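Note that the coordinates shown come from a computational prediction; the quantities given were computed from them, not determined experimentally.
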Amino acid sequence: MKIEKLLNWYHENKRDLPWRRTKNPYFIWISEIICQQTSVANAIPYYNRFVEKFPDVFSLAEASERDVLVLWQGLGYYSRARNLHQSAQIIVNQFQGEFPTQYQEILQLKGVGEYTAGAVASIAFDEKQPAVDGNVIRVLSRIFGMFESAVTASGKKAFKNKVMDLMKNTKPGDFNQALMEFGALQCTPQNPLCENCIFNLECYAFQNRAVADLPLKKKKISVKNRYFNYFVIEHTGGILLKKREENNIWKNLYEFPLFETDELIDISALQTLLQSKILKKIPFILSERLYYKKHKLSHQTIHADFYGIIIITDITKHAEKYGFLSISIPQFVQYPVSELIKTAFQTIFYEK
DNA sequence: AACGCGGGGGT
DNA sequence: ACCCCAGCGTT
């Protein structure tokens with residue numbers, strides 16, 4: 001594989017991405033975290049909003065986690081935002097706000113693994129480190145006929161070694177980005193553009209009709225069903241929210257008060273269960289189902305029912321005991337929520 | 001090594 | 001319906 005050919009291809013075909021206009025390690029870092037498991041097209045508007053609101057590591061460190069999560073809302077994998085915020089505080093407090101310059105230091109940051117440390121070190125500081133992402137695995141698997149799994153320790157080592165070997169005499173930042181960009185634009189997962197590929201004569205997969213078999217497929221994940229019964233508790237001028245604090249989906253995001261069941265439950269059974277287990281001495285009536293959605297994620301399907309609930313006593317007196325937060329309708333946008341809750345809220349309060 | 005963690009887009 | 005996306009942290 002002639003590296004010169006790859007770099008020429010990159011020079012002619014690379015996209016004009018906002019984070020390619022800077023070598024500021026803070027911006028490079030933000031872009032890499034946002035791009036984790038996220039398609040670039042989806043990442044761009046989030047990146048632009050993020051760096052506008054938090055133009056440097058100090059502004060990010062000083063922000064509340066809640067505000068950071070609001071900006072992350074809809075992007076998914078919210079631990080990225082929590083770790084980003086925490087790492088910004090580490091950079092301010094332990095590195096005097098100076099972004100760490102070496103791979104090994106960058107790797108210590110929360111939410112930064114081998115890929116991201118390699119990407120930031122190579123792109124921002126020209127350190128010779130591999131950045132092996134899904135694109136790189138796909139390109140190398142096909143061109144060199146690598147049948148190693150990318151999840152095993154030996155497989156990871158094989159891909160890193162291959163990159164280190166290839167990048168020996170070139171600028172690491174450009175090389176890593178070129179390889180990734182080639183995977184994103186040319187050597188795509190489905191329907192790669194093999195006919196006009198600059199490497200097709202030497203590509204193992206193309207020459208051996210194995211393009212569809214490489215890279216090795218990941219094991220399929222099982223999808224679990226969950227049943228969320230939400231309660232839309234309105235009172236004078238507002239609604240009640242609760243912060244999700246368990247180590248679970250949507251940690252530290254907000255939602256309506258929730259009662260999860262392990263199977264589908266109808267409104268009368270829910271009324272009974274709620275009375276006996278949760279709202280023991282508080283009289284209430286479940287009125288109607290305001291909204292329903294089957295919210296499908298890659299690893300779980302959430303069957304979400306949203307019920308109106310009328311509580312006879314003044315629920316705000318009990319709100320603290322249940323950890324509820326009383327907010328007005330306009331304040332809703334100040335709280336980070338999942339797409340499910342966002343859609344439900346809009347439907348219930350603005351389309352009824 | 002396996003699993004949990006979101007949501008969107010392409011086919 | 002299935003696959004994949006500039007992966008990481010925890011178990």
Mind calculating the distance between [atom1] ([X]) and [atom2] ([N]) to the nearest angstrom?
{"X": "A:Q73", "N": "B:dG7", "atom1": "CD", "atom2": "C1'", "result": "12 Å"}
{"X": "A:H299", "N": "B:dG8", "atom1": "NE2", "atom2": "P", "result": "14 Å"}
{"X": "A:W72", "N": "B:dG7", "atom1": "CH2", "atom2": "C1'", "result": "13 Å"}
{"X": "A:L297", "N": "B:dG9", "atom1": "CG", "atom2": "P", "result": "15 Å"}

Of [range], the positions that come close to DNA chain B - non-hydrogen atoms, cut-off under 4.0 Å:
{"range": "residues 32-51 of chain A", "answer": "A:Q37, A:T38, A:N42"}
{"range": "residues 248-261 of chain A", "answer": "A:N248, A:I249, A:W250"}
{"range": "residues 219-231 of chain A", "answer": "A:K219, A:K224"}
{"range": "residues 134-159 of chain A", "answer": "A:T152, A:A153"}

Remember a base hit wins even if backbone is also touched, and classify [X] as base, sugar-phosphate or nothing at under 4.0 Å, heavy atoms.
{"X": "A:G183", "answer": "nothing"}
{"X": "A:W29", "answer": "nothing"}
{"X": "A:L17", "answer": "base"}
{"X": "A:S79", "answer": "nothing"}

N/O donor-acceptor pairs under 3.5 Å from side chains in residues 94-110 of chain A, not counting sequence neighbours:
unit_1	atom_1	unit_2	atom_2	d
A:E105	OE1	A:T101	N	3.3
A:E105	OE1	A:Q102	N	3.3
A:Q108	NE2	A:Q104	O	3.2

Salt bridge A:R20-A:E181, side-chain N to carboxylate O under 4.0 Å: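 A salt bridge links A:R20 with A:E181.
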Under 4.0 Å between a Lys/Arg side-chain N and an Asp/Glu carboxylate O for A:E255 and A:K242?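 Looking at A:K242 together with A:E255, the answer is no, because their closest N to O distance does not fall below 4.0 Å.
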Measuring only the [atom1] atom in each nucleotide, how far is [N] from [M]? A whole number of Å is fine.
{"N": "C:dA6", "M": "B:dT11", "atom1": "P", "answer": "14 Å"}
{"N": "C:dC4", "M": "B:dG6", "atom1": "C1'", "answer": "14 Å"}
{"N": "B:dG7", "M": "C:dT10", "atom1": "C1'", "answer": "22 Å"}

Taking the six-membered ring where the residue is Trp, are the ring centres of A:F345 and A:F349 under 6.0 Å apart?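 Distance test on ring centres: under 6.0 Å, yes.
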Measure from the ring center of A:Y10 to the ring center of A:F182 and say whether it is less than 6.0 Å.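 Ring-ring flag for A:Y10/A:F182: false, centres at least 6.0 Å apart.
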If I compare all heavy atoms of [X] with all of [Y], which pair ends up nearest, and what's the gap?
{"X": "A:H85", "Y": "A:A61", "answer": "NE2-O, 3.8 Å"}
{"X": "A:G145", "Y": "A:F147", "answer": "O-CD1, 3.2 Å"}
{"X": "A:I233", "Y": "A:P257", "answer": "CD1-CG, 3.9 Å"}

Could you list the donor-acceptor pairs under 3.5 angstrom formed by side chains in residues 287-296 of chain A, with sequence neighbours left out?
unit_1	atom_1	unit_2	atom_2	d
A:S287	OG	A:G308	O	3.2
A:R289	NH1	A:D305	OD1	2.7

Phosphate-side-chain proximity, A:Q300 and B:dG6, N/O vs OP1/OP2 below 4.0 Å: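 A:Q300 to B:dG6 OP1/OP2: no side-chain N or O under 4.0 Å.
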I'd like a table of donor-acceptor pairs (distance under 3.5 Å, sequence neighbours excluded) in which one partner is a side-chain atom from residues 128-139 of chain A, with atom names and distances.
unit_1	atom_1	unit_2	atom_2	d
A:K128	NZ	A:K168	O	2.7
A:K128	NZ	A:T170	O	3.4
A:Q129	NE2	A:E127	OE2	3.2
A:D133	OD1	A:N135	N	3.2
A:D133	OD1	A:V136	N	2.9
A:D133	OD2	A:N135	ND2	3.0
A:N135	OD1	A:R138	NH2	2.7
A:N135	OD1	A:A184	N	3.4
A:R138	NE	A:C187	O	2.7
A:R138	NH2	A:G183	O	2.8

5′-ward residue of the pair A:S31/A:L109 relative to DNA chain C: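 The residue whose closest nucleotide sits nearer the 5' end is A:S31.
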If you assign each of A:R82 and A:Q190 to its closest nucleotide in DNA chain B, which residue comes earlier from the 5' end?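 It is A:R82 whose nearest nucleotide is closer to the 5' end.
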Identify whether A:L286 and A:Y322 are in the same connected component of the hydrophobic contact network (ILVMFWY, side-chain heavy atoms under 4.5 Å).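 Per the 4.5 Å side-chain linkage, A:L286 and A:Y322 are co-clustered.
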Contact boundaries of DNA chain C with chain A (under 4.0 Å, heavy atoms), 5' to 3'?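 Counting from the 5' end, contacts occupy C:dA1 to C:dG9.
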Considering only Ile, Leu, Val, Met, Phe, Trp and Tyr, and joining two whenever side-chain heavy atoms are under 4.5 Å apart, list the other residues clustered with A:I221.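 Answer for A:I221: none, a lone residue.
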Test question: given the 4.5 Å side-chain rule for I, L, V, M, F, W and Y, name all other residues clustered with A:Y227, or answer none.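 Its cluster partners, ordered by chain and number, are A:L264.
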Toss me the dot-bracket line for DNA chain B: Watson-Crick and G-U wobble, both under 3.5 Å, 5' to 3', using | for pairs to another strand and [ ] for crossers. |||||.|||||
Are [X] and [Y] linked by a side-chain donor-acceptor pair shorter than 3.5 Å?
{"X": "A:S87", "Y": "A:R82", "value": "no"}
{"X": "A:S39", "Y": "A:N42", "value": "no"}
{"X": "A:Y115", "Y": "A:E32", "value": "yes"}

Pick from A:I28, A:I33, A:I30: which one makes a side-chain contact (heavy atoms from CB on, under 4.5 Å) with A:V120?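 When side-chain contact (heavy atoms from CB on, under 4.5 Å) is applied between A:V120 and each of A:I28, A:I33, A:I30, only A:I28 qualifies.
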Does NZ or CZ of A:R80 fall inside the cone over A:Y77's six-membered ring, less than 6.0 Å from its centre and within 45° of the axis?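 Judged by the rule, A:R80 and A:Y77 form no cation-pi pair.
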For a quick test of your reading: what N or O donor-acceptor pairs under 3.5 Å do the side chains of residues 204-213 of chain A make, sequence neighbours left out?
unit_1	atom_1	unit_2	atom_2	d
A:Q207	NE2	A:N200	O	2.8
A:Q207	NE2	A:L201	O	3.3
A:N208	ND2	A:Y204	O	2.8
A:R209	NH1	A:F206	O	3.2

